[in-house]
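In this chain, residues are counted from 1 in sequence order. Quantities reported herein were computed from a predicted structural model and do not represent experimental measurements. Worth knowing before you read on, the calculation uses all heavy atoms, side chains too, and leaves out hydrogens, waters and symmetry mates.
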Amino acid sequence: MTGTPAAALRLLHAGDHVAIALRDIAAGEQLAVDGQDLNVATDVPRGHKVAVLARANGEPVEKYGHVIGTATAPIAPGDHVHSHNLTFSAHAATSAAQAGSTGSWTPPELPERRTFLGIRREDGRVATRNHIAIVASVNCSATVVKAIADRVERAGILPDTVDGVLPLAHDLGCGMAPSGEGMDILRRTILGYADHPNVGGVLAIGLGCEVNQMEQLFAEFETGPHRPARDLPLVRMTIQDSGGTRATIAKGIEAIEAMLPRVADVRREEVPVSELVLGLNCGGSDGWSGITANPALGHASDLIVAQGGTSVLAETPEIYGAEDLLVERATDPRVAQDLLDVIAWWEKYTESTGASMDNNPSPGNKEGGITTILEKSLGAVAKGGHAPLAAVYRYAEKIDTRGFGFMDTPGYDPVSVTGLVAGGANLVCFTTGRGSALGSRPAPTLKVATNSDLYRRMGDDMDIDAGEMVEHDVSIEEKGLEIYHALLDLASGTQSASEELGYGLEEFIPWHIGAVM
């Protein structure tokens with residue numbers, strides 16, 4: 001890679017009170033930023049913040065042109081700014097009336113490559129993979145579901161056109177209220193996977209006496225929003241009615257063998273980028289996330305949306321404090337209000353449990369240079385690019401509006417990605433600075449490292465090195481285009497690093513809301 005080595009500090013927005021350390025800085029170094037010389041007072045790890053303007057105790061501190069917290073002690077130019085002198089603070093309320101206030105969006109210049117090799121389903125949707133899903137209605141059938149998948153995979157009977165047998169085991173389905181938000185989410189998630197375009201056949205297994213009864217679950221499959229518009233092979237059975245564990249495993253294997261010819265009868269064909277539904281997620285963020293991988297992914301997202309495709313941002317706790325940036329991009333006040341209602345729910349939810357929205361930054365986030373949730377959110381929102389916000393979805397709700405959208409999910413990575421895939425994302429792109437170990441099926445995940453050190457240390461887990469944006473001055477547009485092409489390759493059948501490592505089998509984790517009874 002060619003280019004001029006980057007400076008030691010980077011100011012992200014004119015008037016910011018802090019700059020980002022692009023490398024480890026030693027105490028006493030003399031550095032220049034924004035036309036001024038700084039004497040760095042203490043050692044500052046890369047990704048952390050250095051003050052460029054003085055702040056008094058109690059004054060707000062800005063990064064990205066937004067408030068990220070309040071000073072808890074006097075801060076002088078050259079000081080290291082982190083948890084010892086910066087704390088979370090309230091942020092200004094946002095109104096739905098601000099929808100559309102950023103004006104019209106200018107789409108980016110499109111690349112020549114505008115197609116990928118996908119699998120066109122009978123209902124018109126396009127798949128990027130072709131799996132058989134074995135669905136557990138309850139935790140009690142999880143062992144059987146996993147046993148069937150393992151034995152079919154080891155038998156070597158899957159044709160090349162079938163990417164695998166996916167056991168969708170979880171820890172819910174009983175010991176919970178038979179109706180209400182918790183059960184709605186669980187059923188919506190299960191049915192979203194069963195009806196996913198990347199699933200060519202379904203085997204559903206229950207115990208028989210669970211709260212999440214098979215008949216009620218699949219009654220919604222026949223009448224609800226996830227009702228298949230295609231002739232999807234579907235077999236249902238319960239352990240109690242099938243004669244026990246061994247008998248159910250044997251019957252399950254027979255059912256999969258019977259549906260294999262239909263599931264395998266697919267071929268890839270050239271389809272437009274407009275058929276992509278991209279889930280945007282991040283985890284193990286660091287101080288570089290908001291200046292490398294996230295904005296680069298945002299550019300890739302814009303390239304897809306500009307061609308009529310769909311991308312969906314998630315992780316509500318990780319947009320907190322930056323929701324105004326999305327509200328201003330909303331296509332109308334109704335969409336903006338949907339987002340603000342989601343934010344209000346989370347504020348009430350965390351308060352009721354004695355938690356704070358600022359509990360979100362993990363120890364790893366803070367070690368990487370992120371101090372408050374406000375700071376983390378401003379970097380996380382960059383994954384969504386600049387396209388207008390066209391829709392807001394509940395967790396695992398069917399993604400049915402083209403363009404850029406937002407889904408209400410927790411910030412916990414596997415739970416968030418589970419919701420996006422249940423909604424219909426046929427690809428996921430995941431950025432990480434600390435090195436999150438995650439992958440997803442049946443929709444594959446592309447992993448982007450925010451810094452080159454991570455990419456070198458965990459090369460087997462990463463697909464893209466966004467650290468080159470700092471180390472070699474690679475532009476947002478250039479790295480975004482690299483991500484875009486990698487996503488099209490992935491959609492066409494190329495395996496991601498996480499797929500090759502076998503991730504995606506243990507990462508099906510529906511969001512659990514409600515009492516365990």
Side-chain angles (χ1 to χ4, degrees), residues 99-100 102-129 192 195-198 225-226 229-230 268-281 295-314 326 328-332 334-336 338-339 381-393 397-407 420-429 442-446 476-477 480-494:
T102 54
S104 59
W105 175 53
T106 302
E109 182 179 351
L110 297 182
E112 291 185 7
R113 184 184 182 189
R114 303 181 191 179
T115 62
F116 67 96
L117 296 177
I119 301 167
R120 179 77 69 175
R121 297 297 190 186
E122 297 172 31
D123 58 7
R125 293 181 300 168
V126 171
T128 62
R129 295 292 185 272
D195 183 37
H196 197 281
N198 287 6
H226 285 290
R230 56 184 169 129
R268 289 187 179 268
E269 60 184 75
E270 194 169 10
V271 293
V273 168
S274 58
E275 299 297 345
L276 289 179
V277 182
L278 175 65
L280 309 170
N281 223 88
L297 176 54
H299 183 70
S301 170
D302 283 346
L303 290 173
I304 291 170
V305 171
Q307 297 175 66
T310 304
S311 71
V312 182
L313 187 65
L326 295 175
E328 291 168 358
R329 291 160 54 184
T331 52
D332 60 60
R334 176 190 56 80
V335 173
D338 286 346
L339 181 62
V381 165
K383 299 192 302 293
H386 300 89
L389 178 67
V392 174
Y393 302 98
E397 188 175 15
K398 190 171 186 178
I399 299 167
D400 57 6
T401 301
R402 290 184 181 271
F404 173 60
F406 179 83
M407 179 177 285
L420 287 167
V421 175
N426 53 17
L427 282 182
V428 176
C429 193
T445 291
L446 188 81
I476 290 174
E477 292 76 16
L481 187 61
E482 181 184 346
I483 294 172
Y484 168 83
H485 284 300
L487 286 169
L488 296 193
D489 290 342
L490 187 63
S492 299
T494 300

Colleague: Closer than 3.5 angstrom, by distance alone: can the side chain of Ser492 be matched with the main-chain N or O of Leu117 as a donor-acceptor pair?
Modeller: yes

Colleague: Output a table of donor-acceptor pairs, distance under 3.5 Å, between side-chain atoms of residues 119-126 and any protein atom two or more places apart or on a different chain; print 'none' if there are none.
Modeller:
from, atom 1, to, atom 2, distance (Å)
Arg120, NH1, Gly124, O, 2.7
Arg120, NH1, Glu275, OE2, 3.2
Arg121, NE, Pro197, O, 2.7
Arg121, NH2, Asn130, OD1, 2.8
Arg121, NH2, Pro197, O, 3.1
Glu122, OE1, Asp231, N, 3.4
Asp123, OD1, Arg125, N, 3.1
Asp123, OD2, Arg125, NE, 2.9
Asp123, OD2, Arg125, NH2, 3.1
Arg125, NH1, Asp195, O, 3.1
Arg125, NH2, Asp195, O, 2.7
Arg125, NH2, Asp195, OD1, 3.1

Colleague: What is the minimum heavy-atom distance between Ile399 and Gly424, and which atoms define it?
Modeller: CD1-N, 4.3 Å

Colleague: If you define the side chain from C-beta out and look only at heavy atoms, does anything of Leu303 sit under 4.5 Å from Pro111?
Modeller: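 They are in side-chain contact.
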
Colleague: What heavy-atom pair brings Met407 and Gly423 nearest, and what distance separates the two atoms?
Modeller: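 That closest heavy-atom pairing would be CE-CA, 4.2 Å.
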
Colleague: For Pro108 and Ala306, work out which heavy atoms get closest and say how close.
Modeller: CD-CB, 4.3 Å

Colleague: Do Thr115 and Glu270 pair up side chain to side chain, a donor and an acceptor below 3.5 Å, judged on atom types alone?
Modeller: yes

Colleague: With a 4.5 Å heavy-atom cut-off, do Leu280 and Leu297 have their side chains touching?
Modeller: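 SC-SC contact between Leu280 and Leu297 confirmed.
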
Colleague: Look at the side chain of Arg114 and the backbone N and O of Pro272, then say whether any donor-acceptor pair between them is shorter than 3.5 Å.
Modeller: no

Colleague: Would you say the side chain of Asn198 lies within less than 4.5 Å of the side chain of Pro444, judging by non-hydrogen atoms?
Modeller: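 Side-chain contact under 4.5 Å: yes.
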
Colleague: Please report the shortest heavy-atom distance between Val335 and Ala391, naming the atom on each side.
Modeller: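 Heavy atoms only, the tightest pair is CG1-N, 4.0 Å.
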
Colleague: Please identify which of these residues, Leu276, Thr128, Ile304, Leu427, meets the side chain to side chain contact (heavy atoms under 4.5 Å, CB included) condition with Leu488.
Modeller: Leu276

Colleague: Using a 4.5 Å cut-off on heavy atoms from C-beta on, say whether the side chain of Asp302 contacts that of Trp105.
Modeller: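 Of all side-chain heavy-atom pairs linking Asp302 with Trp105, at least one is under 4.5 Å.
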
Colleague: What are the two closest non-hydrogen atoms of Ala425 and Ala443, and how far apart are they?
Modeller: O-CB, 3.2 Å

Colleague: Tell me the closest heavy-atom pair linking Val421 and His196, and the distance in Å.
Modeller: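 Scanning both residues, the minimum pair turns out to be O-CD2, 3.0 Å.
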
Colleague: State the OG-CG distance between Ser311 and Leu278, to the nearest 0.5 angstrom.
Modeller: 6.0 Å

Colleague: Could you walk me through whether Leu313 and Lys383 pass the side-chain contact (heavy atoms from CB on, under 4.5 Å) check?
Modeller: CA-CA 7 Å; Leu313 187 65; Lys383 299 192 302 293; 3.8 Å; yes

Colleague: Could you measure the distance from the CZ atom of Phe116 to the NE2 atom of His485? Nearest 0.5 Å is fine.
Modeller: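 If we round to the nearest 0.5 Å, Phe116:CZ and His485:NE2 are 15.0 Å apart.
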
Colleague: Show the numbers, then the answer: is there a side-chain contact (heavy atoms from CB on, under 4.5 Å) between Leu110 and Tyr484?
Modeller: CA-CA 11 Å; Leu110 297 182; Tyr484 168 83; over 6 Å; no

Colleague: Tell me whether Asn426 contacts the main-chain N or O of Val277 through its side chain, where contact means a donor paired with an acceptor under 3.5 Å.
Modeller: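 Between the backbone of Val277 and the side chain of Asn426 there is a qualifying donor-acceptor contact (under 3.5 Å).
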
Colleague: Do Leu389 and Leu339 touch side chain to side chain, with heavy atoms closer than 4.5 Å?
Modeller: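 Yes, at least one pair of side-chain atoms sits under 4.5 Å.
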
Colleague: Could you measure the distance from the CD1 atom of Ile483 to the CD1 atom of Ile476? Nearest 0.5 Å is fine.
Modeller: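 Output value for this atom pair is 10.5 Å.
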
Colleague: CZ/Arg402 to OG/Ser274 distance, rounded to the nearest 0.5 angstrom?
Modeller: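 Between Arg402 CZ and Ser274 OG, I get 5.0 Å after rounding to 0.5 Å.
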
Colleague: Apply side-chain contact (heavy atoms from CB on, under 4.5 Å) to Val392 and Glu397, showing your working.
Modeller: CA-CA 10 Å; Val392 174; Glu397 188 175 15; over 6 Å; no

Colleague: Could you pull out all residues at least two apart from Tyr393 that satisfy side chain to side chain donor-acceptor pair (under 3.5 Å)?
Modeller: none

Colleague: Heavy-atom count around His299 NE2 within 6.0 Å, excluding the residue itself: above 12?
Modeller: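 Yes, the 6.0 Å shell around NE2 holds more than 12 heavy atoms from other groups.
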
Colleague: Which distance, rounded to the nearest 0.5 Å, do you find between the OG1 of Thr494 and the CG of Leu487?
Modeller: 11.5 Å

Colleague: So, Lys398 and Asp400, do they make that salt bridge, N to O below 4.0 Å?
Modeller: no

Colleague: For residues Leu420 and Asn281, determine if any side-chain heavy atom of one lies less than 4.5 Å from a side-chain heavy atom of the other.
Modeller: yes

